[in-house]
Structure formats: C-alpha cells, structure tokens
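Counting starts at 1 for both ligands and their atoms, following the listed order.
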Amino acid sequence: MPRIGLMTSGGECAGLNTALRAVVPRADLGHGWKVIGIEIGTLGLFQKLVENRPLSPNDFDGTLIRQSGTILGSTNTGNPLASESLDGSLALLKKLGDKVGISLICIPKTIDNDVGVTEVAVGYDTAVHVATEALDLLQPTAASHGRVNILKVMGWDAGHILLFFGIVVGADVILILEIPYDIARVARHLETAKERGRRFALIIVVEAVKSLEGGEVTGGNATGTKLLGGIGHTLTARLSKIVTPDIRLTVLGHVQRGGIPTARDGLMTSACGVRAGDLLAEGARNRMAAWRSRAVIDVPIADAISAYHSVDSDGSVVATARDLGISFGYR
Ligand code: F6P
C-alpha cells in the first residue's frame, strides 16, 4: 500500500486538525494510501528515526475537527538548512523537498496571512475573530473610564489582522509593520480626537511594528532566542509622557492562535485538504492548495513563496481606514 507522510510545521494556528481531518480520509478512503503522521514538524522529520504515528480516518470521528492546535505537534524553531537564509516554514520545506526529491504538497497556514497567491491562509480568519472579540471587550472599559487602551497583537510578518479588526471595531490608531509610525503623530491624533469630543481611545499595535526613528522592539527569552516583544510597554511609556499618564495595556498573545476555527476557516481548510490529497493522487509535485475567488485552486509553491503578501499601504483597505479617521501614525 503506498504511504504518504503528513506533517504540520511552523507556528500552529486554528484549523490544523481540521486540515488533517480532510487529508487523512481523502488519502486513505479516497485513494487507498496509508497515512503516516510526522510529529513535531521539521524537528520530528530530522530525527534519526522520524517521529511518527499512523493516522486513520477513525482518529477524526470525534470533536477533533473543531479543536485548535495540532495533534501532530509542530515547531517554528531550528533550521536544518542553517547555512541558507530562508523565511518561513514553507520556504524551508520547499528547499528540503528539492534536496531529497520529495513530492511536496502543502496547504497555506498562518495567522499573519502573508502567504502569496492564496487570498487567505488557514488560521487567519479565526485569529481575526479572536482579536475582534478582544477589542470588543476592551471598548466598554475604555469608554467607561475615558481612557486610552492599547491592545498589542501578535504578528511577525504582516499587519492584515490589525487592519481587519481595527476597522471593524473602530480603533483610533492602528500601528502595523508596513507603515512605520511617528509617535508625535499618534499623540497629535489622540489630542485632536479629544478636542472633537472623543472621550476615550483604542490603539492596536502589532509586535513587529517599526517607529520612524528606530527598528522594531525586541526582547529575548531564557534560551537566548531573540524575540519580538515589548512594543506594548514601550508605546505605553512613550504616550504616557506626552498624552496622558492614564493608559492601560493589554497583550493578546497566543490566544490568537487558539480559537475554535471559524466556519470560514473550517470550510476553506477542508476544501484545501481534500484538494491536497487529490494533488498527490494526480502525481503533482511542489504544489500548494489555495483559495481564490470562492474556490479551491492549486498553484506552484514557489509562486506562493515569492509573491509574499503584506498589507498594501496604498491599497483600498488602508484608504478605507484613513477615510474613517483611523490614524496609522504616519508622518
Ligand atoms: O508567524 C506566525 C506567528 O504566529 C506570528 O504572528 C507570531 O508573532 C509568531 O508566529 C510567534 O510565534 P511563537 O511565539 O510561537 O514563537
């Protein structure tokens, strides 16, 4: 019986178990393959004895389809091709596949939604949903106390999440990495809004944002790994000095990756999973199932990597935000 290996790699997000649940029955019942789950992402793949467990359609007949995380585990640290500079798990896997001649088929997933060609990646919609709810919950306390509340959101690679929920909930200021901000401009925007009668303010900021005068704010952890982090505290301290001392910070963090997959994520993920199984059956190599114009399609992985999808700072969504009076803190 032919065998396929299935793994989840990079930072996990909502929808990964949904994707496994789509691929496994399609591969097993649809095409008659045995499916081997490779555990802990690329780390498991590079063990002398690849960490693995067999997967069968019966593993997915409970509520797993709706659970976040990944039963296979994952990793977003370590690069087995350390001599080569590679951004993201997709680029890494493509390179590995080329080196050892694997038929690689993948499904885009990341809360950052920065994968090219596909309109949306698995996990993005759920992360937007979680962040939207968080800002909905902050709004009443900010309004009641007439305060400035800052919400710091995860995101290394693109500001799509913030742009989306910032417009939807009505943030005053959105700081994303694609538009470096000027702290004086942020302060002026808050003061003008106050003069016009706005009693409180909501600021949302992504961890990777850069100020006009400096780079992103970084921290670290006990292992010595350089991490993005600290922008929420930095921003709070800076604005406290020039706008008002009464500012509160909320750090959303990894809950963004843990929501129950939204219906949109669930549908798109299921369609991509089935397509991925069929692509293997067709003998395809290095292709990615993708979502475009309300349908599942497939594209070369190389195109998805090269067409990196960041926020278009001159695009219509940013323009919509600006026209609604939202500031990006740009000069
Ligand atoms: O790239 C995906 C992502 O979820 C980013 O948005 C996030 O900042 C990053 O991974 C953090 O990952 P971790 O803290 O798990 O290393």
J.: What closest approach, in Å, do W156 and E207 show between heavy atoms, and which atom pair accounts for it?
T.: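 Reported closest heavy-atom pair: CD1-OE2, 3.5 Å.
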J.: Between R248 and D246 (salt bridge meaning N to carboxylate O under 4.0 Å), is one present in this structure?
T.: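 Counted as a salt bridge, because a side-chain N and a carboxylate O are separated by less than 4.0 Å.
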J.: Take a 6.0 Å sphere around CZ of R292 and say whether it holds more than 12 heavy atoms from other residues, nucleotides or ligands.
T.: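 Atom CZ in R292 is not packed in, count stays at 12 or less.
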J.: Run the numbers for me: atoms of ligand 1, each under 4.0 Å from some heavy atom of I111, listed by number.
T.: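 Per the distance check, 4 (O), 6 (O).
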J.: Does atom CZ of F164 have more than 12 heavy-atom neighbours from other groups under 6.0 Å away?
T.: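 It does not: F164 CZ has 12 such atoms or fewer within range.
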J.: State if H254 counts as touching ligand 1 under the rule of any non-hydrogen atom under 4.0 Å.
T.: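 It does; at least one heavy atom falls under 4.0 Å.
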J.: Which atoms of ligand 1 sit under 4.0 Å from any heavy atom of R257?
T.: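 Atoms satisfying the 4.0 Å criterion: 3 (C), 4 (O), 9 (C), 10 (O), 11 (C), 12 (O), 13 (P), 15 (O).
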J.: Between N76 and ligand 1, does any nitrogen or oxygen pair lie at a separation below 3.5 Å?
T.: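 Min N/O separation from ligand 1 is below 3.5 Å for N76.
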J.: I need the contact type for E207 against ligand 1. Using non-hydrogen atoms and a strict under-4.0 Å cut-off, is it side chain, backbone, both or neither?
T.: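 The answer is the side chain of E207.
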J.: Provide, to 0.1 Å, the distance between atom 6 (O) of ligand 1 and the closest protein heavy atom, together with that atom's residue and name.
T.: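 Answer for atom 6 (O) of ligand 1: D112 OD1, 2.8 Å.
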J.: May I ask you to check whether over 12 heavy atoms, not counting those of H189, lie within 6.0 Å of atom NE2?
T.: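 Yes, NE2 of H189 has more than 12 neighbouring heavy atoms, counting only those of other groups under 6.0 Å.
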